[in-house]
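Shown next, in structure tokens, is the structure this report addresses.
This is a predicted model, so every value here is computed, not measured.
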Amino acid sequence: MKTKNNILINGGRIVLLALGVLSWNCSDDVLNNEPLDRISEGTFWSSEAEAQMALAGVYSHTSTGNERDFLSYIATFFEKSDNVFTLAGEIRESFIDGKNTAINGIIEQMWASCYTRIAKANYFIENIDKVNMDEAERNEMKAEARFIRSVYYFYLTTHWGDAPLVTKMLKLSEANSISRTPKAKIAEFAISELTEAAAHLPATRPGAEFGRVVKAAALAFKGRFQMAKEDWAGAAATYKSIIDLGVHAIDPQYEELFLEVGERSSEIIFSIQYIPAVGGKYSSQVPYRWAPYTAGGVSQIGFLNDLVESYECIDGLPIDESPMYDPQNPYEANGVRYRDPRLYYTVLLPNYSTFKGKKYVSHPDSTSSPDRMPQYSLTGYGVLKFVDENYSGDFRTYGGDTPIIRYAEVLLSYLESMLESGQPITQQLLDETINLVRGRAAVNMPPVTETDPASLRPILRNERRVELVLEGVRLWDLLRWNVAHINLDRRVYGAKVCPDPSDCGYQVDEEGYFFLYERNFREAVDYHWPIPQRELDINKSLTQNPGY
């Protein structure tokens with residue numbers, strides 16, 4: 001019997017079986033129009049309303065049962081980097097500690113997720129011309145589907161490199177014999193698609209269409225593709241075109257951008273849309289996965305000390321250079337918080353932060369059992385970013401969106417592209433990019449004045465790290481900078497647990513920071529993930545990445 005691989009979508013109706021949660025199509029008369037299991041391809045595609053239903057299926061990012069959608073898990077899972085730690089030996093840690101294999105079940109689910117979404121987009125693009133509708137609206141809807149298809153190709157090429165390039169619905173025989181396309185050719189295709197999509201997408205949306213893709217989103221992913229292939233001049237031009245739209249701006253707030261209250265900020269260009277929902281199907285799982293156990297979460301990740309130490313002091317200097325830094329009082333001195341404010345918005349700091357009115361304590365020998373590692377955190381450092389401590393409900397029903405692209409990333413990427421393209425770095429350029437990000441009212445860090453490219457590069461890279469932490473960017477940065485084998489091949493540590501390392505009952509470093517794990521990132525292997533073994537067994541035309 002022939003077996004279906006994950007590159008084939010099993011019948012046209014699948015695009016209708018997972019309607020997206022978007023405010024522009026969730027009216028009762030649309031959802032109740034006809035039971036979805038009775039809609040046939042022969043009667044569908046007869047009106048613009050049905051086209052919108054199908055497009056909602058393309059947008060759909062819900063995960064049910066054991067299915068993991070790549071995009072909806074991008075923050076909760078793919079922050080695997082030198083910022084966070086999961087659990088020694090746990091399958092998600094294996095992605096970066098040299099233990100990844102072709103039978104990793106999550107690898108298979110993510111591969112399947114990408115091609116399921118690509119197939120939905122292909123199906124929509126192939127059928128939308130059947131609908132009698134306004135041509136401009138049709139082109140706009142096609143552009144949305146082409147954008148979503150390109151987004152998943154971005155993640156495929158980032159993590160697998162060469163991959164099958166599928167741009168149409170496939171027959172079973174085609175799906176089971178398709179070969180991998182070079183990464184560069186996929187990037188070329190996606191850049192062309194995103195350029196065309198941007199031409200048909202509006203710069204802004206009315207409130208009733210909140211959640212639908214806008215022009216800057218297509219341009220931002222185009223810029224990511226260009227940066228990945230080191231087309232710095234092209235990327236700079238793309239990011240500059242977003243800036244010139246004059247639509248998006250740095251929000252004076254920071255913490256609120258990652259909570260439900262701030263999800264409509266003009267800084268957010270593209271996000272995963274959620275609504276509060278009993279059962280969690282359409283709600284965000286982010287705060288539930290990251291909140292402390294005693295607050296209703298499962299504390300699934302913890303920050304590493306390396307990230308915490310990357311936050312500068314408020315004089316704009318790193319902790320190893322600033323006279324303000326006191327290792328015995330690393331967060332506050334004389335009643336003044338002297339570290340980058342983003343640290344306090346992002347990290348629950350042991351014996352310092354409060355959460356829901358209670359002091360945050362996480363230590364392996366805490367006298368209060370719920371405070372112990374790992375109930376509060378695997379590392380001693382808890383997660384505050386994306387976790388709304390004012391939310392009184394079950395975190396599994398939270399409706400806050402997850403930003404994928406923010407204007408802050410656009411500005412930092414524009415500066416990086418200008419720097420790497422060899423363009424002169426001026427104070428004006430710094431003030432229009434990195435200093436806008438650092439200068440938001442809630443952060444108010446000193447402006448960067450370094451214009452020498454070699455000296456500016458580490459400053460800019462650290463700024464990306466602390467500004468975009470937990471937003472699915474860090475691992476991509478490490479991979480494209482070709483430093484993952486350096487940053488990820490080392491021992492990792494959590495919070496300080498012993499004031500005197502010589503008299504400590506735990507394995508710590510020379511300063512008393514808790515030893516967690518020794519990662520072994522394989523330079524010749526782990527820059528790419530393995531093609532799932534199941535796919536190789538079905539399709540003999542596929543080849544495996546080296547080392548697996």
Side-chain angles (χ1 to χ4, degrees), residues 21 61-81 83-96 104-107 109-110 113 155 255 257-260 263 271-304 307 345-348 353 355-356 360 362 370-404 468-475 494 516-517:
V21 187
H61 56 260
T62 57
S63 296
T64 57
N66 291 323
E67 177 194 2
R68 285 182 170 89
D69 176 62
F70 205 119
L71 197 56
S72 63
Y73 269 69
I74 190 65
T76 59
F77 180 76
F78 291 102
E79 182 59 25
K80 302 319 305 169
S81 68
N83 286 344
V84 301
F85 177 74
T86 305
L87 190 64
E90 204 263 3
I91 190 170
R92 288 172 302 167
E93 191 69 17
S94 71
F95 282 75
I96 56 174
N104 184 324
I106 298 178
I107 286 280
Q109 292 171 23
M110 294 304 173
S113 164
Y155 293 114
E255 180 182 20
L257 290 172
F258 314 103
L259 307 178
E260 193 168 14
E263 63 189 19
S271 62
I272 304 171
Q273 304 292 301
Y274 294 108
I275 60 173
V278 176
K281 184 174 182 181
Y282 297 123
S283 60
S284 171
Q285 295 293 299
V286 174
Y288 171 67
R289 294 177 183 278
W290 291 348
Y293 174 80
T294 54
V298 292
S299 191
Q300 204 167 61
I301 64 171
F303 287 118
L304 293 173
L307 170 70
Y345 296 137
T346 302
V347 184
L348 285 170
S353 301
F355 189 76
K356 289 187 175 290
Y360 176 77
S362 185
D371 291 343
R372 290 174 61 87
M373 298 162 63
Q375 282 90 345
Y376 254 42
S377 169
L378 297 170
T379 68
Y381 294 118
V383 178
L384 186 56
K385 189 173 182 178
F386 288 101
V387 181
D388 190 345
E389 65 176 314
N390 295 316
Y391 184 67
S392 58
D394 186 331
F395 276 133
R396 288 170 292 187
T397 68
Y398 190 66
D401 298 343
T402 300
I404 300 298
L468 304 174
V469 63
L470 293 182
E471 296 180 52
V473 174
R474 180 62 176 175
L475 181 56
L516 294 162
Y517 196 50

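- The closest side-chain heavy-atom distance from P287 to Y391 is not below 4.5 Å.
- Looking at Y274 and E263, their side chains never come closer than 4.5 Å, going by heavy atoms from C-beta outward.
- The one candidate from W290, Y360, Y381 that meets the ring-ring contact (aromatic ring centres under 6.0 Å, His included) condition with Y376 is Y360.
- Put simply, CG on L384 and OG on S353 are 7.0 Å apart, with the number rounded to the nearest 0.5 Å.
- Between Y517 and T86, the closest side-chain pair of non-hydrogen atoms is not below 4.5 Å.
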Quiz item: Are I107 and F95 close enough, and set up right, to give a side chain to side chain contact (heavy atoms under 4.5 Å, CB included), and what steps lead you there?
Solution: CA-CA 9 Å; I107 286 280; F95 282 75; 3.4 Å; yes
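- Expressed to the nearest 0.5 Å, how far OH of Y288 lies from OG of S283 amounts to 11.0 Å.
- Among all heavy-atom pairs drawn from G382 and F303, the shortest one is O-CD1, 3.3 Å.
- Within the 4.5 Å cutoff, side-chain heavy atoms of I301 are placed close to those of L470.
- Under the 4.5 Å side-chain criterion, counting only non-hydrogen atoms from C-beta, P403 is in contact with F386.
- Here CG of L307 is found 15.0 Å from CZ of F85. Values are rounded to the nearest 0.5 Å.
- Y398 contributes a side-chain N or O that, together with a main-chain N or O of E260, makes up a donor-acceptor pair within less than 3.5 Å.
- When all heavy atoms of F395 and A291 are compared, the closest pair comes out as CE1-CB, 3.7 Å.
- Note: Q273 CD to T402 OG1 = 9.5 Å, rounded to the nearest 0.5 Å.
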Self-check item: Stepwise side chain to side chain contact (heavy atoms under 4.5 Å, CB included) check, S94 with N104
Solution: CA-CA 9 Å; S94 71; N104 184 324; 3.5 Å; yes
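- In this structure, the side chains of V286 and F258 stay at 4.5 Å or more apart for every pair of heavy atoms.
- Atom CG of residue L259 and atom NZ of residue K385 lie 11.0 Å apart, to the nearest 0.5 angstrom.
- When all heavy atoms of S299 and P292 are compared, the closest pair comes out as CB-CA, 4.3 Å.
- To the nearest 0.5 Å, atoms CE (M373) and CG (L516) are separated by 6.0 Å.
- Within a 6.0 Å sphere centred on OH of Y345, heavy atoms belonging to other residues, nucleotides or ligands number more than 12.
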